[in-house]
Amino acid sequence: MSTRTFLALVGSPRAHATSQVFARYFADQLAARGWQTEVLSLAGAIRKPEGWPALAERFRDADTVGLCTPLYVDSLPAEATLALERLVDVAPTRPQGFFALVNCGFPEAAQNDTALAICRHFARQAGRTWLGGLALGGGGALAGQQVEKTRGMMPHLCAALEQAVAALDTGEAIPAATQALIRRPFCPPRVYALMADVGMFQDAAKHGALWRIFARPYAAG
Amino acid sequence: MHALILYDDGRPEAALDPVEAVLTERLQAAGWTVETLRTSALSIRPCVGCFTCWTRTPGECGMDDDARTYAKAHARSQLFVVLTPVSFGGYSGRTKTALDHIVPNIFPTITLRKGEVHHPLRYPALRGWLNIGWQPVPDAACAETFAALNVRNGLNGDVKLSDTLVFTPADNAAARTAAVHALLQKVEALP
Ligand SMILES: Cc1cc2nc3c(=O)[nH]c(=O)nc-3n(C[C@H](O)[C@H](O)[C@H](O)COP(=O)(O)O)c2cc1C
């Protein structure tokens, strides 16, 4: 049997993105199971067109593709969307599976559902088999840490990702129970909101902008 | 009352041109001032997710381009209408390049809305956010997601009226005009 190939696509425009951590995780875990893997950034290929042919080629030839992306305005970031609008016309050279992991800033995983639907429609229109969608709330809490380091705070996240990898390795879709497990909130929304607020105020203070945080530069009149 | 139309006019078929014309005419007749931002005329770099607009220059994107033009126009509008090709049930990439820059217009702090976590708004809430989508090939599942997206955006924006139309080549000019009129009647009926 020839080596199976996995392509992880990163939908975040940020350099140290949570999405990048997940993309790396899937790639590393499948590589440990004998897959040939690669992680590529959609924003990178949009910004530097010379990277586009390699991305399109990998997307054409992979056995399985996983898109790891943040939620932007209840859907996918602009550059991820621009890239998918081009990739939809790249026909696969073999039957290909496609799954997505969407993480958002708000703690409720359900806020990612429209974006996951968009990923599912993309897979269908691109002629790929939908392998399932993983919705993670409060993605900012990972703060770029490796998945393994979050086991204490988010045990269900690690368990769900391990189950997802096991399914993908056997060519199966991510089980519904796994998709449900990752959605479990890791702390009450109010606690998460408080943590997020504190972090944001600290950041604003660091940049000397604390007293302007409620500015309204575009107020009429 | 000010209405902002964000129009992705970049596709060759320009199918939404007549819709935009009817929309503008009808809104002006009802007393709205109408501002139209066409994506073909905007120079906007996509959001890079740096949150400068929250923690360094609160309320303003760190990149000085038409992202600011869009955010400013959005902040001063009571009605927002998006005319866009539907991409997989979402906005087109060109539309999204502008729309992601809505983030400066919300505060970084947290509020609860319908039991969900959201951000308070930096400016008064829109009365209406309307999405008018174009599908060169009809796709009911994508149209459904596009409408759901409009509802989600409405909740995030604390908008009174959220509504969606999706046109396909099967809708003739009369049908499109009638649908736009019916949609604007809902706007006019707002308290
Ligand atoms: C332009 C923009 C729009 C966003 N829109 C949403 C949103 O609608 N809902 C939400 O929960 N989080 C939203 N977020 C927060 C991101 O989804 C969150 O910070 C995520 O963890 C970033 O993931 P990344 O590190 O992979 O980029 C938005 C962030 C940005 C920059």
Side-chain angles (χ1 to χ4, degrees), chain A residues 12-15 17 43 46-47 70 72-86 88 105-108 110-111 113-115 117-125 137 189-190 192-194 196-197 200-201 203-210 212-220, chain B residues 2 44 46-52 54-60 68 71-76 85 87-105 107-112 115-119 122-123 139 141-142 144-146 148-153 155-156:
Chain A
S12 176
R14 302 197 310 139
I46 289 291
R47 287 176 211 167
Y72 272 22
V73 194
D74 300 302
S75 48
L76 304 186
E79 287 163 310
T81 308
L82 289 165
L84 294 189
E85 284 170 350
R86 293 176 68 178
V88 72
F106 293 141
E108 301 92 354
Q111 299 218 24
D113 286 347
T114 40
I118 288 168
C119 296
R120 197 176 66 239
H121 297 316
F122 165 78
R124 171 171 54 84
Q125 292 188 357
R190 279 173 197 280
Y192 181 82
L194 187 71
D197 272 0
M200 207 48 83
F201 280 118
D203 230 25
K206 201 168 79 192
H207 297 111
L210 189 55
R212 285 182 286 120
I213 207 162
F214 296 113
R216 290 191 172 90
Y218 301 145
Chain B
H2 193 69
I44 301 187
C47 172
V48 294
C50 64
F51 292 114
T52 289
W54 280 359
T55 62
R56 290 173 196 237
T57 55
E60 196 151 62
R68 294 182 182 178
K72 188 173 188 172
H74 193 115
R76 294 182 173 183
S87 283
F88 323 117
Y91 301 104
S92 71
R94 274 186 300 266
T95 303
K96 203 70 203 323
T97 299
L99 209 50
D100 283 346
H101 289 285
I102 203 172
V103 169
N105 289 7
F107 286 132
T109 47
I110 301 285
T111 187
L112 285 184
E116 274 183 10
V117 171
H118 290 279
H119 295 292
R122 209 176 275 278
Y123 303 99
D139 186 318
C142 286
E144 201 177 300
T145 298
F146 188 61
L149 175 57
N150 173 252
V151 172
R152 294 298 311 167
N153 291 155
L155 185 57
N156 262 316

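Source: prediction; values computed, not measured. Each chain gets a letter, A, B and so on, in the order its sequence line appears, and its residues count up from 1.
- Take B/Ser92 and apply the side chain to side chain donor-acceptor pair (under 3.5 Å) test, not counting sequence neighbours, and it matches B/Asp8, B/Thr84, B/Thr95.
- Of the listed residues (B/Asp100, B/Thr97, B/Asn156), the one with the most heavy-atom contacts under 4.5 Å to chain A is B/Asp100.
- In this structure, chain B has no heavy atom under 4.5 Å from any part of A/Leu194.
- Heavy atoms of B/Ala71 lying under 4.5 Å from chain A belong to its backbone as well as its side chain.
- A/Leu84 places none of its side-chain heavy atoms less than 4.5 Å from the side chain of B/Ser87.
- Within the 4.5 angstrom heavy-atom criterion, atoms from both the backbone and the side chain of B/His119 approach chain A.
- Of the two parts of B/Ile102, only the side chain, counted from C-beta on, holds a non-hydrogen atom closer than 4.5 Å to a non-hydrogen atom of chain A.
- Of the possible donor and acceptor atoms, one in the side chain of B/Arg122 sits under 3.5 Å from a partner among the backbone N and O of B/Pro104.
- Only the side chain of A/Arg124 comes within less than 4.5 Å of a heavy atom of chain B; its backbone N, CA, C and O stay farther away.
- Interface residue A/Gln125: only side-chain heavy atoms are found under 4.5 Å from chain B.
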Next on the checklist: What verdict does the side-chain hydrogen bond (donor to acceptor under 3.5 Å, both in side chains) test give for B/Asn153 and B/Tyr91, after you've listed the backbone C-alpha separation in whole Å, the side-chain angles of each residue and the deciding distance to 0.1 Å?
Outcome noted: CA-CA 12 Å; B/Asn153 291 155; B/Tyr91 301 104; 2.5 Å; yes

Next on the checklist: Quick one, A/Arg190 with B/Leu112, criterion side chain to side chain contact (heavy atoms under 4.5 Å, CB included). Give me CA distance, side-chain angles, the key distance, then yes/no.
Outcome noted: CA-CA 9 Å; A/Arg190 279 173 197 280; B/Leu112 285 184; 3.0 Å; yes

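- Of the listed residues A/Ala17, A/Ala196, A/Pro77, the one with more heavy-atom pairs under 4.5 angstrom with chain B than any other is A/Pro77.
- Using modelled atom types, one finds no donor on one side chain facing an acceptor on the other under 3.5 Å when comparing B/Arg76 with B/His2.
- Ranking B/Ala75, B/Cys50, B/Gly59, B/Ala148 against chain A, the residue ahead of the rest is B/Gly59, based on heavy-atom pairs under 4.5 Å.
- When the candidates B/Pro108, B/Ala98, B/Cys47 are compared by the number of heavy-atom contacts under 4.5 Å with chain A, B/Pro108 comes out ahead.
- A side-chain donor-acceptor contact under 3.5 Å links A/Ser75 to the backbone of A/Val73.
- Heavy atoms of A/Phe201 lying under 4.5 Å from chain B belong exclusively to its side chain.
- Residues satisfying the side chain to side chain contact (heavy atoms under 4.5 Å, CB included) test with A/Gln111, not counting sequence neighbours, are A/Leu71, A/Cys104, A/Phe106, A/Glu108, B/Glu116, B/His118, B/Arg152.
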Item to check | Stepwise side chain to side chain contact (heavy atoms under 4.5 Å, CB included) test for A/Leu76 and B/Phe88 | outcome: CA-CA 10 Å; A/Leu76 304 186; B/Phe88 323 117; over 6 Å; no

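- The choice from A/Ile46, A/Asp74, A/Leu82, A/Thr114 that makes the most heavy-atom pairs within less than 4.5 Å of chain B is A/Asp74.
- Contacts between B/Leu155 and chain A at a heavy-atom distance below 4.5 Å are absent for every atom of the residue.
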